[in-house]
Amino acid sequence: MAENFVVSARKYRPVTFETVVGQSHITTTLRNAIRTKHLAQAFLFCGPRGVGKTTTARILAKTINCQNLADDVEACGVCDSCVAFQNNASFNVHELDAASNNSVDDIRQLIDQVRYPPQTGKYKIYIIDEVHMLSTAAFNAFLKTLEEPPSYAIFILATTEKHKILPTILSRCQNFDFNRIQVRDMADHLANIAKKEGIEVEREALELIAQKADGGLRDALSMFDLNVTFSTDNVLRYHEVVDNLHILDYDYYFKITDRLLDGDLSQSFLLFNEILQKGFDGHLFVVGLLEHLRNLLVSKDPITVQLLEVSELAKSKYLEQSAKTPLPFLVSALSIGSQCDINYKAAKNQRLHVEMLLMKLSYLPNVLTINAPAGAAPQPAPADIQPTVSGGQMGAGLLPKASFTAEPPAVYEKTAPPTTSKLRSTVSIGALPVPVAPVAAAAVDETKALETPTETSAADAEFTSEELSAVWNDFVKYREFNDGSVSEQIMLNRSFTLNGTTIQLVLDNLIQENMLNEIRYELLSYLRNRLKNKKIQIVSKVMASDVKRNPYTPQERFNALVERNPNLLKLQQALGLEVDF
Ligand SMILES: [Zn+2]
């Protein structure tokens, strides 16, 4: 079977308007024009490659020359003219591929023929493919003929790039825009061919081919042929097509989305690893995942479900997964995912880049719960989601050893988490206690209120400042490895204090604060995972400038000393001393 399989694109090229796939808006108009004898003399067929522009042009040429035109305005296929057309022997059709013949001479040769009326039949048809490729001189030579064509001449110009066509040409042609062919139409067409060829097919397989062809029937047909050739038993199966065309099975996206919704980072990493091992590119995976999330998003609303261009079986899967995926998750995931997509090429460690994406996404369900307004029904409780990533497991071998070989904190005391974590009014910077401006403290309170977790995390582990420091340092090293800037390192090395589960970080300026905000999410995810405590919060404040400035004048230095030891002031007064200017 495989040896004498005729290439479907040629064998099943449509020969009537009725059989043109997915362009009924055009074929109907053309048939009406022929029936009412209101045929234009020049047509412009625009549209992507492989959607039937040339085929429709040939059918039009054949139909208007048919000697026994049927009532349904289809060529009879048996008259002399039709037979000549079918054998490519008709003198009434002239085709020029402007992509390879775009000189003035080429177009002149064509125009010369226009002067002679057809010997048999009524019309001479000139089909110019890829007409935007004509040189300017050729265009101008052609324009004259197009302005005053003889009544028997019909021009059909085809192009994939309508915007490159001169307005003078556009205005002289009747324009037809060909659609990308819908997956469903294309799969139907392939199913018909398979039936005629006696090939058994899984509908899924055909839709996969149709999707991969991206609207071009010609590509779909050659992929179909390829898969039939590979088939040993004349059956086209979904999983074989996936392998033959090297397509990433969409099941992976369903699986990984499930894992992400569970907050199961480890399993997501393993799935991603499997995908890479199958030879797929990380970027392709990211783009595919975004497409998947988009499909879940449009499945949310009955109005947009029609935008889902997938098989019926896949559609039910999308609807099912979409129903259990919160909308905020999808919106945030798409936003985070697009950033990953945009920055992918620039990333030095692209695998890690994608893994960071998975890390952020796996943490989303948590964050969304935490930020839910009070009183809102809690999402799947974070407490139920066991933290599955410990320091040792995560990305072993991919990340700098220092970051991930560190042992997880040895002791997890299962005591009740602290119920309150009121801010102290002072925060230590190094050894020197610095009074905190009330304004700054208020601002901190506000931040904190925003991130206060709901009462869900019964299983949070306790940790000490030392454990926090160790994990924090791992993160600093990780950022250093992952293109973190020097100023970011300085910011991360600012001292912090721990109050309950709230980490208070004092920063030098707003620039540092912005820097922190950029990686806050990553940092928080990291700390919460490593320390197995989902209540961890980070609050930051910028030191008031008068506090930050080092004492400079003798008076300032004296004041600073007094702050450390108020007895100095008594000493000064007792001895009647003055600061020496
Ligand atoms: Zn005929």
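None of the values given here were measured: they were computed from a predicted structure. In each ligand, atom 1 is the first atom listed, and ligand 1 is the first ligand listed.
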Check your understanding: When you check the space around the Zn ion (ligand 1), which protein N, O or S atoms turn up under 2.8 Å?
Key ->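 Under 2.8 Å from the Zn ion (ligand 1) - ignoring waters, which are not counted - the protein N, O or S atoms are Cys66 SG, Cys76 SG, Cys79 SG, Cys82 SG.
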
Review point. His292 vs Phe254 aromatic rings, parallel, tilted or perpendicular, using cut-offs 30° and 60°?
Key: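 Geometry flag for Phe254 against His292: perpendicular rings.
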
Practice item. Please state whether the rings of Tyr250 and Tyr318 are parallel, tilted or perpendicular, taking 30° and 60° as the class boundaries. Key: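 Ring orientation, 0 to 90° scale: perpendicular.
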
Review point. Picking from Thr54, Asp219, Thr160, what satisfies side chain to side chain donor-acceptor pair (under 3.5 Å) with Arg49?
Key: Asp219

Check your understanding: Going by an N to O cut-off under 4.0 Å, is there a salt bridge joining Asp251 and Lys317?
Key ->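 So Asp251 pairs with Lys317 through a salt bridge.
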
Review point. How far does CG of Leu296 sit from NZ of Lys300, to the nearest 0.5 angstrom?
Key: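 It comes to 8.5 Å.
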
Distance-only criterion, 3.5 Å: show the donor-acceptor pairs between side-chain atoms of residues 57-64 and protein atoms not counting sequence neighbours.
| residue | atom | partner | partner atom | Å |
| --- | --- | --- | --- | --- |
| Arg58 | NE | Glu95 | OE2 | 2.6 |
| Arg58 | NH2 | Glu95 | OE1 | 3.0 |
| Arg58 | NH2 | Glu95 | OE2 | 3.3 |
| Lys62 | NZ | Val15 | O | 3.4 |
| Lys62 | NZ | Gln86 | OE1 | 2.9 |
| Thr63 | OG1 | Ile59 | O | 2.5 |

